[in-house]
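Beneath this line is the structure, given in structure tokens, with notes to follow.
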Amino acid sequence: MGNISKYAAINTKVKAMEKQLLVNEDYVKMLDLPSVASVVDYLKSETYYGRYLPADAGEDIGNLEGVLKKHLFSQYEKLFHYFTGDDKKFFNVLFMRYEIENLKVFLRVIIRKESLQRISDHIIIPEAYSHIDYTLLNDAKTLDDIISGLEGTPYQKIIQMFKDEEEDKLMFYMEMNLDRLYFNALRSNVRKLDRENSRAIGEVVGRNIDMLNIQWIYRGRRFYKISQEELLNYSLSGGKYFKYDQLKEMCYKEKLSEIEALVRRSPYGTIFESVPDFEVFLERSMERYIYNYFNALRLSYPMTIMEPMVYMHRLEYEIRDLITLLEMKRYNFSAEQGKKFLVRHIK
């Protein structure tokens with residue numbers, strides 16, 4: 001009875017919030033619309049996003065992305081006060097992921113010299129929940145300015161450690177090690193949850209680690225020419241299926257096609273059964289797998305922390321798909337082309 005009383009209130013809240021989420025029919029209709037503006041009009045008039053999109057929301061996808069991401073965090077915030085004890089600490093670590101995504105935005109602006117107007121629009125998590133002083137980062141002109149602005153945070157050491165790497169590899173190293181920091185903290189806090197929650201969340205985390213390792217190894221070899229030794233050293237432990245020996249085998253494959261073949265033979269091989277281009281659809285295929293796996297897990301672990309976890313990820317993938325859909329409209333993708341790039345499977 002303990003878990004029933006513990007999670008009854010939040011699960012009731014989650015079910016009410018889930019009723020607002022988009023359904024396949026919404027995506028089918030939006031895929032057939034002719035422009036960014038028509039998709040925005042549909043979201044305003046036919047979905048619950050009408051409450052959150054500003055009246056003057058136009059075709060500036062960067063601005064729309066910022067609005068949608070801030071909505072994502074506002075929904076998480078509604079659930080946060082339901083948690084206590086180790087559950088609350090665990091969700092605090094989940095916030096860390098969004099803090100790291102914010103930091104990556106600033107790093108890309110400096111390292112890749114990307115131009116982002118109104119960078120504050122891309123900040124997912126507000127300062128009240130963050131270790132980072134975004135005012136300092138917003139004024140940064142160099143990587144050293146970023147490092148100074150991160151004083152007192154767990155991120156400063158990582159950025160400092162890799163700041164003198166080759167420019168073409170710099171962002172990869174920093175992203176990889178920031179993600180390592182997050183997953184190490186996540187695994188540590190999962191172990192503190194009660195047995196049923198720890199088992200359920202551990203299943204998801206293990207699979208997420210596998211996915212991240214596959215992407216790192218493939219991208220590291222394909223785009224950054226990272227050595228096999230380095231890739232193995234930086235790989236995350238704690239994966240569900242890809243343990244040290246499997247990761248070593250993947251890192252030391254001579255050809256990218258051999259890495260692809262190894263993944264296709266793994267327990268994740270079914271992800272790629274109908275995927276002709278492994279590289280193009282690697283990330284999307286993995287996201288689709290996790291999306292579907294979350295929905296299956298909630299049936300196995302009722303009245304646990306899984307219900308809010310599933311909702312949070314469903315909303316995150318929904319917003320990711322909306323941003324993808326808006327980009328596709330900008331570049332005049334057909335509906336059939338567009339379906340291929342969505343996390344949600346639309347027939």
Side-chain angles (χ1 to χ4, degrees), residues 1-24 26 47-52 67-102 123-131 182-183 185-209 287 289-322 343-344:
M1 291 294 292
N3 270 6
I4 293 176
S5 59
K6 183 177 181 181
Y7 295 109
I10 188 169
N11 286 353
T12 300
K13 177 70 172 176
V14 164
K15 289 185 186 304
M17 294 167 76
E18 278 191 318
K19 289 178 181 178
Q20 299 179 327
L21 295 176
L22 303 183
V23 296
N24 282 8
D26 290 310
T47 76
Y48 80 109
Y49 285 101
R51 300 177 221 165
Y52 304 102
V67 172
L68 291 170
K69 286 181 175 179
K70 286 179 179 178
H71 162 64
L72 169 70
F73 189 79
S74 73
Q75 298 303 96
Y76 289 4
E77 211 172 7
K78 290 178 182 178
L79 300 177
F80 187 62
H81 72 273
Y82 284 92
F83 296 109
T84 59
D86 288 331
D87 289 354
K88 199 177 192 83
K89 291 176 184 176
F90 171 73
F91 269 81
N92 260 324
V93 175
L94 291 182
F95 289 161
M96 182 182 182
R97 180 162 69 96
Y98 298 103
E99 185 173 69
I100 286 173
E101 290 306 311
N102 288 346
I123 301 304
I124 305 167
I125 174 173
E127 287 191 44
Y129 294 89
S130 179
H131 298 90
Y182 166 70
F183 272 96
L186 187 62
R187 289 174 58 210
S188 175
N189 278 268
V190 167
R191 289 193 286 265
K192 297 174 185 176
L193 299 172
D194 65 53
R195 181 182 297 178
E196 194 167 14
N197 277 316
S198 181
R199 188 184 303 122
I201 303 302
E203 286 287 327
V204 178
V205 172
R207 285 169 168 80
N208 261 303
I209 288 173
E287 288 171 342
Y289 171 84
I290 293 294
Y291 176 88
N292 292 328
Y293 185 69
F294 261 116
N295 286 330
L297 261 187
R298 74 191 313 174
L299 300 176
S300 302
Y301 295 93
M303 285 299 164
T304 66
I305 208 169
M306 282 308 301
E307 287 287 343
M309 281 284 291
V310 170
Y311 166 74
M312 287 164 58
H313 280 77
R314 285 187 67 190
L315 178 60
E316 180 177 336
Y317 286 137
E318 175 172 290
I319 287 174
R320 195 172 304 181
D321 275 347
L322 285 176
V343 175
R344 180 184 291 246

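Taking a 6.0 Å sphere around NZ of Lys89, one finds it holds 12 or fewer heavy atoms contributed by other residues, nucleotides or ligands.
At a threshold of 4.5 Å between non-hydrogen side-chain atoms, the residues Val343 and Glu318 do not count as touching. A heavy-atom distance below 4.5 Å is not found between the side chains of Met306 and Glu203. Contact annotation: the side chain of Asn295 approaches that of Arg314 to within less than 4.5 Å [non-hydrogen atoms, C-beta and beyond]. Counting heavy atoms from C-beta outward, Phe183 and Val93 have side chains that stay 4.5 Å or more apart. Looking at heavy atoms from C-beta onward, Glu101 lies out of side-chain contact with Lys69 at the 4.5 angstrom threshold. At least one side-chain heavy atom of Asp194 sits less than 4.5 Å from a side-chain heavy atom of Lys6. The shortest side-chain heavy-atom distance between Ile319 and Tyr49 falls under the 4.5 Å cut-off.
The structure places CE of Met303 at 11.0 Å from CD1 of Ile10, a figure rounded to the nearest 0.5 Å. Atom CZ of Arg207 sits about 11.0 Å away from atom CZ of Phe294, to the nearest 0.5 Å. Interatomic distance, CG of Asp321 versus CG of Asp26, reported as 12.0 Å (0.5 Å rounding). Between atom NE2 of residue His71 and atom CG of residue Leu68 there is a gap of 7.5 Å, rounded to the nearest 0.5 Å. To the nearest 0.5 Å, atoms CG (Asn11) and OH (Tyr82) are separated by 10.5 Å. Separation of atoms CD (Glu307) and CD (Glu18) is listed at 6.5 Å; rounding is to 0.5 Å.
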### Task
Under the side chain to side chain contact (heavy atoms under 4.5 Å, CB included) rule, what do Asn208 and Ile290 come out as? Steps first, then yes or no, please.
CA-CA 8 Å; Asn208 261 303; Ile290 293 294; 4.2 Å; yes
### Task
Could you give me the CA-CA distance, side-chain angles and deciding distance for Met309 and Leu94, then say whether side chain to side chain contact (heavy atoms under 4.5 Å, CB included) is met?
CA-CA 10 Å; Met309 281 284 291; Leu94 291 182; 3.5 Å; yes
### Task
Dump the intermediate steps for side chain to side chain contact (heavy atoms under 4.5 Å, CB included) on Tyr52 and Lys70, then the final yes or no.
CA-CA 10 Å; Tyr52 304 102; Lys70 286 179 179 178; over 6 Å; no
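Contact record, Ala185 with Met96: CB-SD, 4.1 Å, taken as the closest heavy-atom pair. Closest of all the heavy-atom pairs between Leu22 and Leu322 is CD1-CD2, 3.9 Å. Among all heavy-atom pairs drawn from Asn197 and Ile305, the shortest one is OD1-N, 2.8 Å. In plain terms, the two heavy atoms of Pro308 and Leu79 that are nearest each other are CB-CD1, 4.2 Å. Summarising the geometry of Leu72 relative to Met312, their closest heavy-atom pair is CD1-O, 4.4 Å, with the distance given to 0.1 Å. The two atoms that bring Arg187 and Val205 nearest to each other are CG-CG1, 3.9 Å, heavy atoms only.
No side-chain donor-acceptor contact under 3.5 Å links Tyr293 and His313. Residues Glu316 and Tyr98 have side chains that bring a donor and an acceptor to within less than 3.5 angstrom of each other. Side chain to side chain, Tyr7 and Asp87 meet the donor-acceptor criterion of an N or O pair below 3.5 Å.
Taking the six-membered ring for Trp and thresholds of 30 and 60 degrees, Tyr317 and Tyr291 have ring planes more than 60 degrees apart, a perpendicular arrangement.
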